[in-house]
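Structure record follows, encoded as structure tokens.
Every heavy atom of this structure was used, including side-chain atoms; hydrogens, water molecules and symmetry mates were not.
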Amino acid sequence: MTRYLLESPHTLISLTFFAERYESAKSSISEDLAIIKRTFKLRGIGILETIPGAAGGARFIPSIEEHEAREFINEMTAELSEKDRLLPGGYVYLSDLLGRPDVLRKVGRVIARQYIDKQIDAVMTVATKGVPIAQSVSSYLNVPFVIVRRDSKITEGSTVSVNYVSGSSERIEKMELSKRSLKRGSHVLVVDDFMKGGGTVNGMKSMIEEFESELVGITVFAEGSFDGQRMVDDYTSLLKVDQVNTLDKTIKVSPGNYLEKVFEH
């Protein structure tokens, strides 16, 4: 039963379903759910809501405790500060971290925690580096994720395209999204791996507007230092690249504003 709940987050599961599945009385199922609820709370796994009545049941909402989130962000801060991660243009090499299942699972839990009480219908990112993050977050929120592309694919069918200004290079770019990917009126969470000037994220905001949908929030794994005016100001970052030195290839990284926004408000 615990495994079923963990694999079906944000889904209301009736006592009747569990009773029939495990051939047990509803009273026994209720007692087991009470034990699971206490265990989830004790270990900081998440919240198990139990809803009484004929239409009630149990719903698992993944979460993460502040100390665990802080520990993870500090760990990522140390790893991103390693030498040889600096790329041309002040970007930081992230692919090895975002290719690790253990890191992605934590990233998904951490980001999903911020939107624990928000209605999210879809998670949006841009190809390609943000895809594993979007997939992890969507699994914890139990909603679809959609991928905005910079070039048209014949397999996408008809698409909606928007032009946007790249925040770092100030060039006009184009992004596209299949018309079938996002329902009109959706509540959308935008995630990405790295943000510098905010142009790409701003482009996704425009895309959401084209689909007559609502932007719920923006969360990025890391933000880079940027001298000019960012194109977005209301966003959350797990990590912040404060300073880069191209001569000795050193990077100064600190926690982003996530902990402050989520746990200290």
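Applying the side-chain contact (heavy atoms from CB on, under 4.5 Å) test between Met76 and each of Leu94, Val103, Leu238 identifies Val103 as the sole match. For the side-chain contact (heavy atoms from CB on, under 4.5 Å) with Ser161, the lone residue among Glu210, Arg149, Glu176 that qualifies is Glu176.
Tyr4 has its ring centre less than 6.0 Å from the ring centre of Phe17.
If you check the side chains of Asp192 and Thr200, you find no donor sitting under 3.5 Å from an acceptor.
Contact check on Lys118 versus Glu214 returns no salt bridge, with no Lys/Arg side-chain nitrogen under 4.0 Å from an Asp/Glu carboxylate oxygen. The pair Asp234-Lys205 fails the salt-bridge criterion, with no side-chain N (NZ, NE, NH1 or NH2) lying under 4.0 Å from an Asp/Glu carboxylate O. Under 4.0 Å is where a charged nitrogen must lie from a carboxylate oxygen, and between Arg230 and Glu223 at least one such pair does. Classification of Glu68 and Arg113 as a salt-bridged pair fails, no side-chain N sitting under 4.0 Å from a carboxylate O.
In this structure, Lys106 places its NZ atom where more than 12 heavy-atom neighbours from other residues, nucleotides or ligands lie under 6.0 Å away. With a 6.0 Å radius and a threshold of 12 heavy atoms from other residues, nucleotides or ligands, Arg43 has its CZ atom at or below the threshold. Taking a 6.0 Å sphere around CZ of Arg180, one finds it holds 12 or fewer heavy atoms contributed by other residues, nucleotides or ligands.
Using a 30° and 60° split on the angle between ring planes, Phe263 and Tyr258 fall in the perpendicular class, above 60°.
Taking the side chain as every heavy atom from C-beta outward, Thr219 and Ile133 never approach each other to under 4.5 Å. Between Pro9 and Leu141, every side-chain heavy-atom pair lies at or beyond the 4.5 Å cut-off.
At distances below 3.5 Å, at least one donor-acceptor pair connects side-chain atoms of Thr125 with backbone N or O atoms of Val191.
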